Every structure is written in structure tokens, then in C-alpha cells.
Amino acid sequence: MAVHDLATPAVAWYDANARDLPWRSPDATPWGVLVSEVMLQQTPVSRVLPAWLDWMARWPTPSDLAADAPGEAIRAWGRLGYPRRALRLHECAVAIVASHGGEVPADVDELLRLPGIGAYTARAVAAFAYRQRHPVVDTNVRRLVARAVAGLPDAGPTTTARDLVAVADLLPTEPELAARTSVAFMELGALVCTARSPRCTDCPLVAVCEFRRSGAALPAGPTRRPQRYAGTDRQVRGLILAVLRTSTGPVPRTAIDVVWPDADQRHRALTGLVADGLVREVGSDRFSLPG
DNA sequence: GAACCGTGGCT
DNA sequence: TAGCCAAGGTT
């Protein structure tokens with residue numbers, strides 16, 4: 001149960017301070033919103049912006065993407081990271097054409113059935129593209145609510161069901177206003193109520209924030225386990241995929257061998273990429289992006 | 001629930 | 001500089 005009204009000050013702040021992002025434009029299509037949400041999964045806005053503009057110019061509708069090769073989606077993904085998202089976005093477009101007449105579904109349960117669309121993204125699309133009232137809970141919102149409502153320095157481990165109920169309680173009844181509140185919470189978490197250095201003096205919720213009221217300080221240490229990258233299979237997969245992205249046709253295994261010294265790890269990474277559908281073996285010992 | 005899945009900018 | 005960090009999803 002919400003003790004304070006967080007929505008009103010958050011929306012007022014958002015109206016005055018929100019970034020002008022193209023997927024928030026009234027002209028943005030549901031497809032544009034969906035593409036932005038997938039690209040923004042774990043990738044910062046600054047890197048998504050140019051990729052989104054290119055992507056939408058090339059594939060303005062799900063049908064356009066579905067008609068192209070999945071490998072082209074992986075290529076256009078560039079260095080946004082987690083390239084399986086590109087493959088899933090392509091599968092998503094195919095499913096939208098096959099099952100939804102080429103239109104992004106507006107129903108959360110139908111969105112959840114699409115590949116690569118989980119609890120957050122499904123509700124984000126329903127709220128931001130279709131202006132529905134849904135709790136949209138990302139890492140920013142979880143942190144904001146943990147602080148402002150629960151008085152904790154940070155959100156604990158994700159407990160999706162509980163998070164959804166807690167955030168739903170904070171939303172106004174009227175759907176359009178609820179959708180604006182959701183994007184306002186996210187923006188506030190991204191720009192003001194940040195993980196390490198929250199700018200409380202600029203926060204519209206400072207008067208009602210329970211963590212602020214407690215007078216406690218943010219713990220110094222890391223809030224989650226560091227994720228090693230150098231030397232992992234993920235790095236090797238990335239190096240291999242970079243070779244395939246930048247070549248027009250299939251490449252021989254020898255072109256892949258040069259990216260990493262350890263043959264065992266190279267093999268594991270390449271096998272994994274093929275298993276994931278990100279790479280295809282064509283002919284003998286030649287590899288390419290999936291056609 | 002934990003591990004895995006990329007990448008580059010920032011401190 | 002090495003580690004932290006960024007609008008998650010899937011297994």
C-alpha cells in the first residue's frame with residue numbers, strides 16, 4: 001500500500017526534465033517502441049540511439065524485418081551486445097506476421113509469448129505503445145521504489161510477482177496517466193535516483209522518500225556480484241561474431257582461428273554460437289551469419 | 001535462484 | 001587501472 005503519492009511529483013518532474021527520445025515521440029509506432037525496449041535491455045541509451053534510427057529506417061514494420069534474413073538483423077545489431085537479442089527480434093517479427101497480422105499485439109499475455117519479450121518488456125510495450133495501465137518494473141523502478149517506499153538503500157534480488165504488485169499500487173487509475181507515471185519512474189531512476197550517486201537535491205520525491213527520511217547513507221561496496229568478462233567464452237563469442245558481421249560471405253575456419261589462441265575455448269564458443277542460431281556452418285569448415 | 005549471455009564508457 | 005555499470009531474458 002502506498003503511503004505517499006509518488007506519481008504526481010514524478011510526472012510533473014518528467015514533463016519538465018525528460019530526455020527527448022525518438023521512441024517516446026507520439027509518432028513512434030508500437031514496433032518502434034518494441035525495438036527500442038529490446039535494444040535497451042542492458043545497453044545504454046547513448047549507444048541505442050543511432051542503432052535504433054538505422055534499424056527503423058531499414059525495417060519500419062515487423063513485415064519488413066521478417067522478410068529479411070536473420071543474419072542481416074545480427075549484422076545491423078552491430079556492437080550493441082548480447083546479439084541473441086537481434087535474433088530474437090527477428091523471430092519476434094516473424095511471429096508477429098504469422099500470428100498477429102503484422103501488427104504488434106497490444107495484450108500483455110500475447111506479448112509475453114513473443115521470443116525475447118519478458119515481464120518487463122511486455123508491459124513496457126503495452127504501456128508505452130498502447131497507453132495501458134501496467135506496472136513497468138525495470139532495475140531503475142525497483143531501485144526507486146526500494147528507496148522511496150521501503151526506505152532501503154537498494155532493491156534486493158528480483159521477486160517479480162511481488163514487484164509487480166508493489167508498483168501497481170503506485171500507479172494512478174487512469175491508463176494514460178498511469179503510462180506517463182511509469183515512464184516518469186524509469187526516467188527518474190535513470191537520471192536522478194541512480195545506483196551509486198543519487199542526486200537527491202534534484203529529486204522531486206525528496207520530501208516523501210523513506211530512505212532519505214531514514215538519514216542512512218548508501219553502502220560503499222558493490223551491490224551485486226561483479227561479472228567477469230575478459231577471457232570468458234562471451235568475449236570469444238563476441239570476437240568470432242565480429243569477424244562474421246564484417247564479412248559479406250562465408251569465412252573459412254582459419255579466419256576464425258586467429259581471433260583467440262586457445263583452440264578448446266574457440267571451439268566451445270563457435271559450437272555455442274551455432275547452437276544458438278547466431279552462426280551457420282556452410283559447406284565444410286566455412287561459417288556465416290544465418291541466411 | 002544462479003549462471004549465462006556483449007560491449008564500451010566512466011571513475 | 002580494474003572494476004563498476006547500463007530500460008532483461010532464458011535456461
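Chain identifiers are assigned alphabetically (A, B, ...) following the order of the sequence lines, protein sequences preceding nucleic acid strands; residue numbering begins at 1 within each chain. Predicted model only: the values in this text are computed from it and were never measured.
A salt bridge links A/Asp276 and A/Arg84; the closest N-O separation between the charged side-chain nitrogens and carboxylate oxygens is under 4.0 Å. A salt bridge is defined here as a Lys NZ or Arg NE, NH1 or NH2 lying under 4.0 Å from an Asp or Glu carboxylate O, and A/Arg19 with A/Glu187 meets this definition. Under 4.0 Å is where a charged nitrogen must lie from a carboxylate oxygen, and between A/Arg142 and A/Asp154 no such pair does.
Distances shorter than 4.0 Å separate none of the side-chain N or O atoms of A/Thr158 from OP1 or OP2 on C/dG8. The shortest distance between the side-chain N/O atoms of A/Tyr82 and the OP1/OP2 oxygens of C/dG8 is not below 4.0 Å. OP1 or OP2 of C/dG8 has at least one side-chain nitrogen or oxygen of A/Gln42 nearer than 4.0 Å. Residue A/Arg85 places none of its side-chain N or O atoms closer than 4.0 Å to OP1 or OP2 of B/dT7.
The same atom, P, is picked in C/dA7 and in B/dA3; the two are 22 Å apart, to the nearest Å. Using P as the reference atom, C/dG9 and B/dG8 are 23 Å apart when rounded to the nearest Å.
Put simply, CZ on A/Arg143 is 10 Å from P on C/dC5, counting in whole angstrom units. Here C/dG3 presents its C1' atom at 15 Å from OH of A/Tyr229, a figure rounded to the nearest Å. Distance A/Asp163 CG to C/dA7 C1': 15 Å, rounded to the nearest Å. Counting to the nearest Å, the P atom of C/dG9 and the NE2 atom of A/His90 are 21 Å from each other. Between the CG atom of A/Leu80 and the P atom of B/dG9 there is a distance of 13 Å, rounded to whole Å. Between the CG atom of A/Asp233 and the P atom of B/dA3 there is a distance of 15 Å, given to the nearest Å. With rounding to whole Å, A/Trp52 atom CH2 is found 24 Å from C/dA6 atom P. The CG atom of A/Asp138 sits 16 Å away from the P atom of C/dC5 (whole-angstrom rounding).
Summary of the strand contacts: A/Glu37 and A/Gly116 both lie near DNA chain C, and taking for each the nucleotide with the nearest heavy atom, the more 5' one is attributed to A/Glu37. Along DNA chain C, the nucleotide closest to A/Leu21 and the one closest to A/Ile117 are compared, and the more 5′ of them pairs with A/Leu21.
Within the 4.0 angstrom heavy-atom criterion, base atoms lie near A/Arg24. The residue A/Gly118 sits close only to the backbone: its heavy atoms come under 4.0 Å of sugar-phosphate atoms, none of a base. Using a 4.0 Å heavy-atom distance criterion, A/Trp77 is classed as making no nucleic acid contact. A/Pro157 comes within 4.0 angstrom of no nucleic acid atom, judged by non-hydrogen atoms across all strands. Heavy atoms of A/Ala124 sit nowhere under 4.0 angstrom from any nucleic acid atom.
Side-chain to base pairing of A/Thr43 with B/dG6: one donor and one acceptor N or O lie within less than 3.5 Å of each other. Between the base of B/dG8 and the side chain of A/Arg47 there is no donor-acceptor pair shorter than 3.5 Å. Under 3.5 Å, the side chain of A/Arg196 and the base of B/dT11 form no donor-acceptor pair of N or O atoms.
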message: Please determine whether salt bridge (charged side-chain N to carboxylate O under 4.0 Å, His left out) holds for the pair A/Arg268 and A/Asp233, giving the CA-CA distance in whole Å, both sets of side-chain angles, and the decisive distance to 0.1 Å.
response: CA-CA 8 Å; A/Arg268 194 165 62 239; A/Asp233 288 0; 2.8 Å; yes

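Of all nucleotides listed (B/dC5, B/dT7, B/dG6), B/dT7 comes nearest to the side chain of A/Arg245. Among the nucleotides C/dA7, C/dG9, C/dC5, the one closest to any side-chain atom of A/Arg84 is C/dG9. Of all nucleotides listed (C/dA7, B/dG8, C/dA6), B/dG8 comes nearest to the side chain of A/Arg79.
In this structure, A/Arg75 contributes its side chain and A/Arg245 its backbone to a donor-acceptor pair below 3.5 Å. For A/Trp52 (side chain) and A/Gly32 (main-chain N/O), a donor-acceptor pair under 3.5 Å exists by modelled atom type.
Screening residues 173-185 of chain A for side chain to side chain donor-acceptor pair (under 3.5 Å) gives A/Asp15-A/Arg180, A/Arg131-A/Glu176 as the qualifying pairs, with residues at least two apart or on separate chains.
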